[in-house]
Chemist: 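Please find one structure pasted underneath; my questions will follow.
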Amino acid sequence: MSLLEVRGLQVHFPIKRGIVLERTVGAVRAVDGVDLAVERGRTLGIVGESGCGKSTLGRAILQLEPVTAGTVAFDGEDLARLKPTAMRAMRRRMQMVFQDPLASLDPRQSVASVLSEPLRTHGEKGPYDKRVRELLDLVGLPSSAASRYPHEFSGGQRQRVGIARAIALSPELIVADEPVSALDVSIQAQVVNLLEELQERLSLTYLVIAHDLAVVRHISDDIAVMYLGTIVEVAPSEDLYARPLHPYTIALLSAIPIPDPEVEDRRERVLLRGDLPSAADPPSGCRFHTRCPYRQPTRCDDEVPVLRTPEGFPGQAVACHWAEQVASGQLRPASSPVVATAPDG
Amino acid sequence: MSGDAGVAVVDEVPGLVDGTPLLKVRDLTVTFSSRNRTTVRAVDGVSLDVAPGSTVGIVGESGSGKSVTSLAALGLLGRRGVEVGGSVEFDGADLLHMPEDELRAVRGREIAMIFQDPMSSLNPVLTVGRQITEILERHRDLKGNEARDRAAELLQSVGIGDSLRRLRSYPHQLSGGMRQRVMIAMALACSPRLLIADEPTTALDVTISAQILELLRLLVAETQTALVLITHDLGVVAGMCDTVHVMYSGRIVESAPRRALFAEPQHPYTTGLLASVPRMDQPRGNPLLPIPGSPSDTLPWSQGCAFAPRCTRRVPESVGCPPPLLHVGSRAGRHLVRCVNPVPSP
């Protein structure tokens, strides 16, 4: 049984109009029918661009966002059906690491207080000094850090504090939302390596949400690609770069710059037209059809593609009517008129 | 390779071009000071050349001085508490000692700049059209319908469709990618000869970022505009720049044509950066090798190499006197490195 199982999850935020007679005039469909499962001890990466709903999905899984429809089952238990006391006990087992450690740590709280707070909240008896020292050691900070305050640390060290807080209650699942994107390039690798090391030592299960595909691919066993509230492709990390199937994944991968001029000069870029459509009024049929370079008349506009395993690609799942034809090269991308001519003097 | 202690070794100039460079920066130094605090030297003796039609990349992490270099060169730092030394020549004219009104004319007409966050560079209470026509009126003497039509043309040229209608939009009505396109359109309004782009795509999503970079690439190819691209992303540099300067703690530590830089990086900081980012095109199992410490663990350049506290190739000579920026191999290779114990070529 999977540790985490999400079925048909929807999170819609109502759009309201009027002051006295407030009425709902629509909804932003931030997450709109997501299925996923994470096995114990594995890492699932969720990638997508801003506004695709990946952060909302992570928060909804931890029940930090009201769920409109669908179920989140943790270790076989439907979280929505749990009574408040049972849910509280369940929260110990799933924790979150946030993007910006400076914003998620109270500036007036010492590190010792930050790390002992979850213990206190969940009714563990003090003194907490020993556990705090243990946690600091686990994340590679000196025990002298306990008496210091967040502003005294560098970005990378602060994120270590954030991670130490997340593992304080020995959780099983950690949802990490953009855990390294606020850090300097030379520091990101330190935190990525720490997350991997902790996963091994504490047998953690990770859900890593990020926009940087290279980082996500490095730490994840499987990757789910999100577009406008839905998952368009799920694949083992090794396969995703080697043979992306969904046109959006293909474009996303081709857009990521690679630090090697030889590779960069040879690459074929699939550029997308325009911007992400509004999640309050998603396009009909396949949500990607407005930007898709492989779009085929009528079917893409009318029929919603389901996430399926295409023929010849076991282990991968893709929500595209034409995945096989795109993969075989039978369909070619339409050239995208991204840039018009340069201005004359 | 090692400079003798006590003998002043003068830095070579990176990116030296044959003929006259369009932008010539020599020994640029920027010092910030506040009344009771110690002074901070953000840029420390930076020299570089930019030729017409070329793209020059400046790479560094936060605090490396990469943005301050360009702001100081254009006289955009203000005067209070800032001391700028050295020289900056644009097409033969000295930008650092130019009267303010002349400098403003050069900045509008000949040199343009785009920044990371277009929302804070655009005026939120004016329409996009008004902001573009303002530039055309000021620097190009275009008025009324003429200015409007030219503004629409500019939007079209950066890939914004339905441009006449878009001219009436306010910045908040546009997406991030669209706003950055507007910024580029404004920068292009006077067909500048030099465009400085400071992290132009950092705030954007990858697919949008690819569109903007493609736009800049075409611009350079078609109009011979010189482009200075400031970024922290080695991937962006690899695909865009002719010459790359890597900055650390206010100084250029390595400088080379892009192929040489990526094929044979010599400075331990450059190799460290390359080893610490995961690459999409390589097998997944490769471990990441982070650079230890953080950018704040630094040494003043006067006391040796600023990177020494984090460097795995540190030798006793790294500390003591500042390492000079010297050629690796022949001069023609234009590969310079500031290190007493550089990484051997693979």
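Throughout, protein chains are lettered first and strands after them, A, B, ... in sequence-line order, and every chain is numbered starting at 1.
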Chemist: Give a yes or no on whether a salt bridge exists between B:Arg259 and A:Glu262, defined as a side-chain N under 4.0 angstrom from a carboxylate O.
Modeler: yes
Chemist: Using a 4.5 Å heavy-atom cutoff, which residues in residues 185-194 of chain A come close to chain B?
Modeler: A:Val185, A:Ser186, A:Ile187, A:Ala189, A:Gln190, A:Val192, A:Asn193
Chemist: Which bit of B:Ile208 comes within less than 4.5 Å of chain A, counting heavy atoms only: side chain, backbone, both or neither?
Modeler: both
Chemist: Once rounded to the nearest 0.5 Å, what's the spacing between atom CE of B:Met280 and atom CG of A:Leu213?
Modeler: 4.5 Å
Chemist: How far apart are the C-alpha atoms of A:Asp184 and B:His232, what are their side-chain angles, what is the distance that settles it, and do they pass the side-chain contact (heavy atoms from CB on, under 4.5 Å) test?
Modeler: CA-CA 9 Å; A:Asp184 261 320; B:His232 69 280; over 6 Å; no
Chemist: What part of A:Val263 lies closer than 4.5 angstrom to a heavy atom of chain B: side chain, backbone, both or neither?
Modeler: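 Just the side chain, heavy atoms under 4.5 Å.
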Chemist: Can you tell me how far apart SG (B:Cys241) and CD (A:Glu264) are? Round to the nearest 0.5 Å.
Modeler: 11.0 Å
Chemist: Ignoring hydrogens, what is the shortest heavy-atom contact between A:Pro259 and B:Val277? Give both atom names and the distance.
Modeler: CG-CG2, 4.3 Å
Chemist: Please list all pairs meeting salt bridge (Lys or Arg N to Asp or Glu O under 4.0 Å) that have one or both residues in residues 229-246 of chain B, counting only residues at least two apart or in different chains.
Modeler: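 Pairs touching residues 229-246 of chain B that pass the test: none.
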Chemist: Which atoms of A:Arg291 are under 4.5 Å from chain B, going by heavy atoms: the side chain, the backbone, both sets, or neither?
Modeler: side chain
Chemist: Taking atom types as modelled, is there a side-chain donor on A:Glu49 or B:Thr207 under 3.5 Å from an acceptor on the other?
Modeler: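 Their side chains do contain a donor-acceptor pair, which is all the 3.5 Å distance test asks for.
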Chemist: Working to the nearest 0.5 angstrom, can you tell me the gap between B:Leu204 CG and A:Ser50 OG?
Modeler: 8.5 Å
Chemist: As an exercise: rank B:Ser296, B:Pro295, B:Gly272 by heavy-atom pairs under 4.5 Å with chain A and give me the winner.
Modeler: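 Among the listed options, the one with the most contacts to chain A is B:Pro295.
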Chemist: Tell me whether A:Asp260 is salt-bridged to B:Arg258, with the criterion being a basic N under 4.0 Å from an acidic carboxylate O.
Modeler: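 So A:Asp260 does not pair with B:Arg258 through a salt bridge.
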Chemist: Of the non-hydrogen atoms in A:Pro257 and B:Val236, which two are nearest, and what is the gap between them?
Modeler: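 Taking A:Pro257 first and B:Val236 second, the nearest heavy atoms are CB-N, 3.6 Å.
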Chemist: Taking atom CD of B:Gln211 and atom CG of A:Leu271, what is their separation to the nearest 0.5 Å?
Modeler: 6.5 Å
Chemist: Using heavy atoms and a sub-4.5 Å threshold, report which of residues 216-234 of chain A line up against chain B, by residue number.
Modeler: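 Residues A:Arg217, A:His218, A:Ile219, A:Ser220, A:Asp221 are the ones that qualify, each having a heavy atom under 4.5 Å from chain B.
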Chemist: Among the options B:Gly177, B:Ala238, B:Ala210, pick out the one with the most heavy-atom pairs lying under 4.5 Å from chain A.
Modeler: B:Ala238
Chemist: Name the atoms and distances for all side-chain donor-acceptor pairs under 3.5 Å in residues 238-245 of chain A, with sequence neighbours left out.
Modeler:
{"unit_1": "A:Glu238", "atom_1": "OE2", "unit_2": "B:Arg284", "atom_2": "NH1", "d": "3.1"}
{"unit_1": "A:Arg243", "atom_1": "NE", "unit_2": "A:Gln316", "atom_2": "OE1", "d": "2.7"}
{"unit_1": "A:Arg243", "atom_1": "NH2", "unit_2": "A:Gln316", "atom_2": "OE1", "d": "3.2"}

